[in-house]
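Notes follow once the structure below has been shown.
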Amino acid sequence: MHVVTALIVAAGRGERAGSDTPKQFRSLCGTPVMRRSADAFLCRPDIARVLVVAPASHLDVASRMLRGTPAAIVPGADSRQQSVRLGLEALASHRPEFVLIHDAARPLVSQPVIDRVIAALSAGSDAAIPLLKVADSLKRETDNGWTTVPRDGLFRAQTPQGFRFDAILQAHRAHAGVSATDDMALAEAAGLKIAGVPGEESNMKITAPEDFELAETLLAGGRSEFRTGMGFDAHRFAPGDHVWLCGVKITHDHALEGHSDADAGLHALTDAILGAIGEGDIGLHFPPTEEKWRGATSSVFLAHTLALVRAHRAAIVHCDITLICERPKIAPHRDAMRARVAEILELEISRVSIKATTSEGMGFTGRREGLAAQAIATLRLPATPAVAIAAL
Ligand code: MG
């Protein structure tokens with residue numbers, strides 16, 4: 001049997017996925033992306049060794065995520081190519097016959113794809129690459145407009161890309177100064193014999209924030225359901241010179257009275273989201289009797305709620321807040337409020353709506369004794385099977 005090793009490249013900073021945490025360390029249906037990718041290789045008896053290249057700044061995180069597995073970790077470098085090279089050099093002393101180089105950002109890789117790559121190498125190829133035909137029309141923007149690029153013979157390359165170990169290590173060493181988008185490019189430059197094998201659409205690369213939602217849907221077998229929660233909150237005006245609303249500080253001739261910063265907009269939204277995942281209300285998680293929440297910024301409540309959402313493997317699809325008050329005027333602050341709520345919830349701004357109304361001078365908001373807020377949140381969760389009611 002051939003000695004096969006796997007090199008999982010997890011050293012990127014993942015900035016395009018819209019979070020401070022590199023995308024490969026974020027949770028996908030409760031398991032970090034990188035761990036899912038590593039598990040796809042760790043579960044195979046025909047793979048002797050799994051090595052993960054992690055950012056030097058996140059070695060402890062990577063190590064925690066791989067605890068209990070035989071995977072080894074080495075620090076990466078600034079570029080993907082340099083990181084792969086460091087991984088290959090670390091494997092060299094083990095003298096593997098084949099190496100499968102896989103991007104951690106493809107956590108949905110299937111066993112048949114890995115089978116095909118190993119089979120092509122075993123059949124005598126120097127390199128084996130999962131490829132998918134390009135189905136969309138391709139356009140190139142030029143100085144004068146657009147031209148259509150013939151797609152005949154064009155393919156998209158995925159990972160794992162498999163290689164004879166000595167050949168790809170040599171190619172990396174020989175092209176250390178050349179920038180390549182993947183390892184296949186170096187194999188091409190080195191004149192290696194390359195076999196294409198069928199890739200899979202589900203072997204997607206997580207790049208943008210919305211890719212997480214698509215990947216979670218695929219993991220749930222494509223079955224998901226939508227749940228809605230609603231929230232309401234009101235706070236009384238008190239002496240002061242500013243209010244907090246939807247995470248934005250607004251100069252006003254009064255403040256709002258409350259144990260925390262009294263941000264009724266964020267409180268209503270927090271309750272709406274908690275409602276959609278059946279996790280009680282804001283008072284249950286942040287009791288006003290607890291001293292530690294005195295004067296707390298309500299973004300903390302919302303961020304904690306987002307963590308609960310993720311623990312439920314849920315995703316926020318949309319939220320809509322209505323602020324009810326005569327003063328302050330909301331319109332000048334609407335864009336800043338949307339941006340702040342979107343930032344806290346790690347959502348695109350289009351998924352956050354802020355509206356304002358008055359009560360036409362009626363009731364406590366009309367008398368300017370205080371203001372109120374309502375919110376609706378829509379969440380997508382993995383579908384749970386309907387339970388049969390035996391008694392019927
Ligand atoms: Mg409140």
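Heavy atoms only: backbone and side chains are in, while hydrogens, waters and symmetry mates are out. Every number for a ligand or one of its atoms is a count from 1 in the order of the listing.
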| task | May I ask you to check whether H267 and F232 place their ring centres under 6.0 Å from each other? | result | no

| query | Strictly under 2.8 Å, is any N, O or S atom of D263 next to the Mg ion (ligand 1)? | reply | no

| message | Would R164 and F98 count as a cation-pi pair here, with the cationic atom under 6.0 angstrom from the ring centre and within 45° of the axis? | response | no

| said: If the threshold is 4.0 Å, N to carboxylate O, is there a salt bridge linking E326 and R367? | reply: no

| message | With rounding to 10 degrees, what does the angle H267:ND1 / the Mg ion (ligand 1) / H235:NE2 come to? | response | 100°

| Relative to each other, are the rings of F286 and W293 parallel, tilted or perpendicular (30° and 60° limits)? | perpendicular

| query | Which is the closest N/O/S atom of D233 when seen from the Mg ion (ligand 1)? | reply | OD2

